[in-house]
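The first residue of the sequence shown is numbered 1, and numbering continues consecutively from there. Not measured: the values here are computed from a predicted model.
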Amino acid sequence: MFKKILVANRGEIACRVFRTAKRMGIATVAVYSDADARSLHVLMADEAVRLGPAPAAESYLKAELILEAAKATGADCIHPGYGFLSERESFAKACAEAGIAFVGPPPNAIAAMGDKIESKKLAKQAGVNVVPGFVGEIRDTEHAVEIANGIGYPVMMKASAGGGGKGMRLAWGEADVREGFEATKREGLASFGDDRVFIEKFIESPRHIEIQILGDQHGNIVYLGERECSIQRRHQKVVEEAPSPFVTPEMRKRMGQQAVALSRAVGYYSAGTVELIVSGADTSGEGFYFLEMNTRLQVEHPVTEAITGLDLVEQMIRVAAGETLAFGQDDVRLNGWAVENRVYAEDPYRGFLPSTGRLVRYAPPAAQGTPYGDAATDAYTRVDDGVREGGEVSMFYDPMIAKLITWAPTREEAIDAQVEALDRFRIEGLGHNVDFLSALMQHPRFRSGEITTGFIAEEYPEGFQGAPADPELLRNLAAVAATLACRTAMRAGEIEGQLGNGVEPPLRWQVALGDAVFDADLSDQLDTILIDGMPVTVRHDYVPGAGMLTATVDDAVLSITVAPVRGGFRLTTRGASHAARVLPAHIAPLARHMIEKVPPDTSKLLLCPMPGLLTQLHVGVGDTVEAGQPLAVVEAMKMENILRAEKAGTVSAVNHAPGDSLAVDAAILEFE
């Protein structure tokens, strides 16, 4: 077995590998850029080596620097994590030449599966179902239009070397191809150094399902069931679960056997994933098609670990050390259900714009249970993260803050556990998507299992404004808000009383939550309240300044983030933030209108929705524009974002030029 492992990565995945390595008694080495000098993965490792400046091209993508770090620290193996160098054939070869074990597949397998065009040809030869499409060289936009017309719309344009949702465009007609083909090429070149694009038929009612593969260097290969990854935004996975609510045992076996056949055809070993697009409209169990093979560990691997009881990182390390798999296909058992949510630094209330900055507060829900125990009985909550309070989410890297994984005997219980745990996240200092994730977990369509990759676009066509609250939840929040107001008033009275001017707090309040208004009458004990004349029992552990409380309202238990605001509190729970305006009943009608604020008018401005680089500007002063017309392109985290006119107008001022770095809400254009 290895003595020392270097992880050629950062953040959450580096911490994840370190945890397993330490459990196995293997010493650990971290590498870092200047932006990560105080990051959690650096603190976790036994040793740490600086690579270079913050940009990945000058640090984490410098294979020669990573190999130098391994040699200097005596590391005898390197785990690449995912992203960065994890699927670079040249890096795996360089490790072998340096006499350092690469914890991953052989270079030839990485090369065979790393090119989406060539991998489809190999998959077809191996007897794997493939999507109809064109996998040759596409000369230009006109050629792309000709190909798309021949396949039949809708079609998907994809960067050949793409991944992680980058370099992908859906075209419903010729106009979409003309507008998106060159952008797809540019994103492929910017993100992967390869501007080749292929076009394939877009499967309607599509589900994204993947098969986890594990093989050793002695020819043994098994599949570990499937993961459902259909909940995506802009082709980036948001929610994953295992198993899939759509896949039958017979379908699982057919998909698994094809995945193993493909793996065997390229001499694969280590952990890997065969991704499939599945027609949700085809109930025959035959409507699945090869998308790509990821020759690395997947972000969503914990849900497979949860239902199999296996530590995939440990298995990868043992395979790299030459060990034989200790189990065969017949030994693989799938127990219970697991769900993973990706917590991102992005603002769902502002179109999911990337958010960067310091984590002023970061407190994830406490982990519960044992990830690698008896999965049939040991339910657990797991948080995989690579950040800490006071740390920074940088513009240079992926905006993931954490992964939340829950396991339970049934899908419904695993989803309910997600809702409860998401409520216990406390993140301040930057935007995050916790509310959105909670809303997904509560959505009736998601809970039914009738999902597709278009779920988010279909269910939130106008964007996200918070999870809807039912009348019972609003009533419970009103009860909590009233007790908070009364306790705050009592505390203020006690302080004033020390100065000889104590006052008794009112016991009758009016609570406004949006358009809903509740009358609250409190007893002296503050645990029995009349809400609109109906008795409600309330108990909670709130301490002023704590920021979070756990409340029991009748039989309901709520974890609520509390922030004092003018005239009341902002209460965040169950996927939404609620402004609770709480006033003494005798002054409420008079005072309420004084609290409300009118937001500034920005209707005549084109605002930059995220920190980024202005790469294109399509209009100038005096130009007239129509609703939906492209005005500018902002690049953020290697993704091009087209900013369009919301309505017709005339440009009166241009405040920025291509090449400018823009902050959030920077006014790019002004209109008459």
Side-chain angles (χ1 to χ4, degrees), residues 2 5-6 8-9 61 63-64 66-67 70 76-128 130 135-137 158-164 188 192-194 196 198 210-224 256-276 290-298 301 312-313 315-325:
F2 302 116
I5 187 169
L6 181 148
N9 219 297
L61 290 175
E64 65 276 13
I66 290 172
L67 288 170
D76 49 358
C77 69
I78 293 177
H79 194 300
Y82 34 69
F84 294 143
L85 299 172
S86 62
E87 294 181 283
R88 296 278 183 93
E89 174 196 13
S90 58
F91 184 57
K93 282 184 174 180
C95 289
E97 291 168 359
I100 300 171
F102 179 73
V103 185
N108 63 293
I110 296 176
M113 292 292 102
D115 186 311
K116 286 185 172 59
I117 293 174
E118 293 303 317
S119 68
K120 286 182 181 296
K121 295 177 181 178
L122 287 169
K124 191 172 184 179
Q125 293 171 5
V128 179
V130 297
V135 294
E137 182 178 351
K158 297 183 181 180
S160 176
F192 311 105
D194 187 343
R196 289 178 301 158
F198 69 92
E210 58 192 30
I211 301 294
Q212 176 69 56
I213 289 295
L214 183 65
D216 62 26
Q217 299 186 48
H218 308 283
N220 302 300
I221 306 175
V222 298
Y223 63 90
L224 305 178
Q257 288 174 339
Q258 287 195 15
V260 168
L262 176 60
S263 302
R264 199 173 299 284
V266 296
Y268 198 90
Y269 57 77
S270 192
T273 299
V274 176
E275 301 205 2
L276 305 166
F290 175 78
L291 274 179
E292 62 181 329
M293 184 173 187
N294 290 308
T295 54
R296 54 171 169 79
L297 194 66
Q298 291 281 89
H301 74 273
L312 290 181
V313 171
Q315 295 299 319
M316 292 179 75
I317 293 172
R318 293 191 180 282
V319 167
E323 294 186 13
T324 302
L325 290 183

Roughly how far, to the nearest 0.5 Å, is the [atom2] atom of [Y] from the [atom1] atom of [X]?
| X | Y | atom1 | atom2 | answer |
| --- | --- | --- | --- | --- |
| Tyr269 | Met316 | OH | CE | 11.0 Å |
| Leu61 | Arg88 | CG | CZ | 5.5 Å |
| Glu137 | Ser160 | CD | OG | 11.0 Å |
| Arg296 | Ile110 | CZ | CD1 | 11.0 Å |
| Gln212 | Leu312 | CD | CG | 5.0 Å |
| Thr273 | Glu292 | OG1 | CD | 9.5 Å |

Which residues share a side chain to side chain donor-acceptor pair (under 3.5 Å) with Arg196, sequence neighbours left out: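 Listed in chain order: Asp115, Asp194.
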For Thr295, side chain to side chain donor-acceptor pair (under 3.5 Å) partners two or more places apart: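 For Thr295 the side chain to side chain donor-acceptor pair (under 3.5 Å) partners, ignoring immediate neighbours, are Glu87.
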Side-chain heavy-atom pair Met293, Ser263 within 4.5 angstrom cut-off: yes
Tyr268 side chain reached by Met113 side chain, heavy atoms, under 4.5 Å: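 Sidechains of Tyr268 and Met113: no contact.
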Steps toward side chain to side chain contact (heavy atoms under 4.5 Å, CB included) verdict (Leu325, Gln315): CA-CA 8 Å; Leu325 290 183; Gln315 295 299 319; 4.0 Å; yes
Sequence neighbours excluded, every pair satisfying salt bridge (Lys or Arg N to Asp or Glu O under 4.0 Å) that has a member inside residues 98-113: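 Counting only pairs at least two positions apart or across chains, no salt bridge (Lys or Arg N to Asp or Glu O under 4.0 Å) contact touches residues 98-113.
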Residue pairs, two or more places apart or on separate chains, that pass salt bridge (Lys or Arg N to Asp or Glu O under 4.0 Å) and touch residues 263-275: Lys237-Glu275
If I compare all heavy atoms of [X] with all of [Y], which pair ends up nearest, and what's the gap?
| X | Y | answer |
| --- | --- | --- |
| Ser86 | Gly81 | CB-O, 3.4 Å |
| Gly188 | Ala159 | CA-CB, 3.8 Å |
| Ala123 | Leu262 | CA-CD1, 3.8 Å |
| Ala259 | Val274 | CB-CG2, 3.7 Å |

What pairs of donor and acceptor atoms, side-chain ones from residues 217-224 against any protein atom, are under 3.5 angstrom apart with sequence neighbours left out?
residue: Gln217; atom: NE2; partner: Val319; partner atom: O; Å: 2.8
residue: His218; atom: NE2; partner: Gly322; partner atom: O; Å: 2.8
residue: Asn220; atom: ND2; partner: Asp216; partner atom: OD1; Å: 3.4
residue: Asn220; atom: ND2; partner: Asp216; partner atom: OD2; Å: 2.8

Please list every donor-acceptor pair under 3.5 Å in which a side-chain atom of residues 89-109 meets a protein atom from a residue at least two apart or in another chain.
residue: Glu89; atom: OE2; partner: Lys93; partner atom: NZ; Å: 3.2
residue: Asn108; atom: ND2; partner: Val266; partner atom: O; Å: 3.2

Stepwise side chain to side chain contact (heavy atoms under 4.5 Å, CB included) check, Tyr82 with Gln298: CA-CA 7 Å; Tyr82 34 69; Gln298 291 281 89; 5.9 Å; no
